[in-house]
Amino acid sequence: MAKEITSRQADYSQWYNDLVLKSGLADYSDVRGCMIIKPYGYAIWEKMKQYLDSKFKETGHQNAAFPLLIPKSFFSKEAEHVEGFAKECAVVTHYRLKAGSKPNELIVDPSAKLEEELIIRPTSETIIWSTYKKWIQSYRDLPLLINQWANVVRWEMRTKLFLRTSEFFWQEGHTAHATRKEAETEARLMLQIYADFMEKIMAVPVIKGVKTANERFAGAVDTFTVESMMQDGKALQMGTSHFLGQNFAKAFDVQYLDKQGKLNYVWATSWGVSTRLMGALVMAHSDDEGLVIPPALAPIQVVIVPIYRNTDQLSEISNAAEKIMADLKKLEISVKFDNDDSKKPGWKFAEYELKGIPVRIAIGPRDLANGTMEVARRDTREKSIINMDGFANEIKSLLDSIQQNLLQKASIFRNEHLTTTDSFDEFKEIIENKGGFISAHWDGTSETELKIKELTKATIRCIPLDNKLEEGACIFTGKNSKQRVLFARSY
RNA sequence: CGGGGUGUAGCGCAGCCCGGUUAGCGCACCUGCUUUGGGAGCAGGGGGUCGUGAGUUCGAAUCUCACCACCCCGACCA
């Protein structure tokens with residue numbers, strides 16, 4: 001065995017690390033808290049980007065690029081925003097190095113101190129709103145719908161591959177609108193685009209909701225979220241969409257003239273998903289054998305492994321494989337033929353399972369003689385022999401059913417890990433042993449939420465958008481409550 | 001920022017307690033032959049500032065001190 005993976009049961013956290021490293025998604029870098037996304041991981045991220053980018057454009061957004069460096073003073077303009085991010089900002093103070101006194105020593109040139117320090121963006125609201133002030137004068141300039149794909153830096157004390165790194169990649173949408181209603185609609189629309197993407201493409205079921213004041217984005221009026229459940233019973237916030245009200249418009253004095261010639265502050269949203277989605281993808285579907293990548297995101301959907309004794313057999317199999325590849329490509333299925341002679345079939349089987357390739361086709365002399373191929377699906381690890389005639393449509397529908405099965409499996413798991421309770425003792429017991437979401441009444445105060453967090457490490461993940469109103473008593477204080485909210489321990 | 005751990009070949013580790021030939025092992029790599037339906041076998045081969053810096057000593061991977069880096073676990077966050 002060349003690559004051992006810790007089992008989920010033995011150590012879930014170690015399993016995750018092993019998987020990310022050994023499947024070739026990513027690696028640690030020489031910079032503390034920063035990761036290297038390797039080609040295989042980046043290929044999956046590119047597929048995520050491709051889908052989301054097309055949806056952003058379909059809904060009228062345009063991409064642009066804003067600076068990595070932001071003047072420090074910009075941050076102090078919005079009070080809550082600065083408070084939220086001040087603790088984790090990387091700061092550029094100088095612009096030049098020079099030779100030190102020792103050989104090969106470089107020191108920061110003290111004479112090159114910046115008049116105003118620059119912050120490496122932890123998010124771009126401030127630089128974008130200082131720009132929007134110049135772009136927006138009239139109602140004719142609205143709505144302004146901009147997105148950027150970028151990297152940001154948040155100086156994290158504790159990091160984990162993909163889920164929390166000091167530098168990460170994401171997209172951030174920033175929009176400006178004439179009315180409150182239009183901005184709220186935008187925030188909800190983008191949340192829905194995220195939710196669709198996560199369920200249809202990532203095969204991860206999500207709960208859409210709104211954050212409580214404690215969990216809200218610094219500077220937002222409302223933060224909408226999509227929350228998912230990982231295999232260890234911890235929740236993961238997969239994306240957020242913020243209704244910013246007029247907070248940034250007022251902080252940066254962005255006003256427009258309406259049809260009546262009256263000046264108004266604009267209404268804003270921002271929304272983002274990050275490479276954290278990669279972590280969610282790994283933790284939602286994968287098993288002790290390796291990754292399980294849904295076909296819609298798999299850079300390679302089908303791999304063909306030849307089984308042969310000599311070069312004559314290999315060339316016969318190669319001919320068959322060429323035809324198979326051509327047929328699959330006609331159906332827009334991505335396929336790789338692995339004719340690497342230095343690796344044996346068994347090695348390849350294990351390797352492609354580790355990488356989570358959805359479907360594996362093996363062809364050997366027996367198959368050539370019988371006109372068949374062996375097809376193995378990664379999600380269930382089932383193997384079957386199918387006929388070469390008309391196989392392509394079978395593979396196509398197999399990929400579809402793998403995609404569906406992954407969503408279904410994850411949905412069943414999520415539903416099984418969503419418990420309703422009215423007893424705080426039971427609440428604690430569930431959080432401690434079973435994990436998952438807990439649906440419970442809450443009196444609506446931050447004090448209660450923080451107290452519950454202190455006692456159980458569980459936080460309110462969201463108030464579901466489709467929540468039905470229901471009279472009840474707060475699980476902790478017994479005070480009146482009009483609806484249940486979702487608690488969980490989270491990443 | 002606290003607690004723990006690790007640093008020896010590309011990767012994973014042993015050696016260290018109790019200092020002493022040329023620093024080992026597995027995987028990977030190179031060459032050759034045999035193999036190939038679930039991580040092949042044999043033979044030969046290449047590859048090392050033992051994290052860094054001081055110190056103790058005739059002699060340090062090994063003992064002492066300092067420093068650095070990374071990982072894991074907690075508090076804070078997407």
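Letters A, B, ... are given to chains in the order of the sequence lines, protein chains preceding strands, and every chain is numbered from 1.
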Go through the structure and list residues passing side chain to side chain contact (heavy atoms under 4.5 Å, CB included) with [X], not counting sequence neighbours.
X      : result
A/K451 : A/E454, A/L455, A/F476
A/K47  : A/L297
A/T59  : A/H61, A/L189, A/M190, A/I193

Under the ring-ring contact (aromatic ring centres under 6.0 Å, His included) test, which residues partner A/F413, sequence neighbours left out?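 Counting only residues at least two positions away or on another chain, A/F413 forms a ring-ring contact (aromatic ring centres under 6.0 Å, His included) with A/H417.
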A/R164 CZ to A/Y491 OH distance, which is reported to the nearest 0.5 Å: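 One gets 10.0 Å once the value is rounded to the nearest 0.5 Å.
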With [atom1] as the reference atom in both, quote the distance from [N] to [M] in angstrom, rounded to an integer.
N     : M     : atom1 : value
B/C63 : B/G19 : P     : 9 Å
B/C11 : B/C29 : P     : 15 Å
B/A60 : B/U8  : C1'   : 14 Å
B/G47 : B/C27 : C1'   : 14 Å
B/G24 : B/A61 : P     : 13 Å
B/U36 : B/A14 : P     : 37 Å
B/C65 : B/C70 : P     : 24 Å
B/U62 : B/G26 : C1'   : 23 Å

What does the B/S/- profile of nucleotides 71-78 of chain B look like, 5' to 3', with a 4.0 Å heavy-atom cutoff to protein? SSBBBSBB
Residues within residues 372-388 of chain A bordering RNA chain B, heavy-atom distance below 4.0 Å: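 Close to the strand are A/E374, A/R381, A/K383.
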In residues 289-317 of chain A, which ones come under 4.0 Å of RNA chain B, going by heavy atoms?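 A/I307, A/Y308, A/R309 - these, ordered by number, are the residues of the stretch whose heavy atoms sit under 4.0 Å from the strand.
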Does the plane of the ring in A/H242 sit parallel, tilted or perpendicular to the ring in A/F217? Use 30° and 60° as the thresholds.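 A/H242 and A/F217: parallel rings.
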Does the ring of [Y] carry [X] above it, NZ/CZ under 6.0 angstrom from centre and within 45° of its axis?
X      : Y      : value
A/K344 : A/W347 : no
A/K87  : A/F85  : no
A/R154 : A/W170 : yes

Atom-to-atom span, [atom1] of [X] to [atom2] of [N] - whole angstrom:
X      : N     : atom1 : atom2 : result
A/K344 : B/A28 : NZ    : P     : 12 Å
A/L354 : B/G38 : CG    : C1'   : 14 Å
A/I5   : B/G12 : CD1   : P     : 16 Å
A/D367 : B/U36 : CG    : P     : 16 Å
A/K343 : B/C27 : NZ    : P     : 14 Å
A/D341 : B/U35 : CG    : C1'   : 10 Å

Any carboxylate oxygen within less than 4.0 angstrom of a Lys/Arg side-chain nitrogen, looking at A/R489 and A/E432?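 Yes, charged N to carboxylate O under 4.0 Å.
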Could you give all pairs that pass the ring pair (Phe, Tyr, Trp, His ring centres under 6.0 Å) test and reach residues 189-212 of chain A, with sequence neighbours left out?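 For residues 189-212 of chain A, and leaving out neighbouring residues, the ring pair (Phe, Tyr, Trp, His ring centres under 6.0 Å) pairs sorted by first residue read A/Y51-A/F197.
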Salt bridge (Lys or Arg N to Asp or Glu O under 4.0 Å) partners of A/D232, counting only residues at least two apart: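 Testing A/D232 for salt bridge (Lys or Arg N to Asp or Glu O under 4.0 Å), a comparison that skips the adjacent residues, returns none.
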How does RNA chain B read in dot-bracket, base by base from 5' to 3', with Watson-Crick or G-U pairs under 3.5 Å and | used when the partner is on another strand? ((((((((.[[[[.)....(...]]]].((((((.....)))))).....[[[[[..)....]]]]])))))))....
Quick one: side-chain hydrogen bond (donor to acceptor under 3.5 Å, both in side chains) pairs with a partner in residues 274-300 of chain A, sequence neighbours left out?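 Counting only pairs at least two positions apart or across chains, the side-chain hydrogen bond (donor to acceptor under 3.5 Å, both in side chains) contacts touching residues 274-300 of chain A are A/R8-A/D288, A/D287-A/R378.
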Validation: residues 361-374 of chain A side-chain donor-acceptor distances under 3.5 Å, sequence neighbours left out:
from: A/D367; atom 1: OD1; to: A/T372; atom 2: OG1; distance (Å): 2.8
from: A/D367; atom 1: OD2; to: A/G364; atom 2: N; distance (Å): 3.0
from: A/N370; atom 1: ND2; to: A/R366; atom 2: O; distance (Å): 3.1

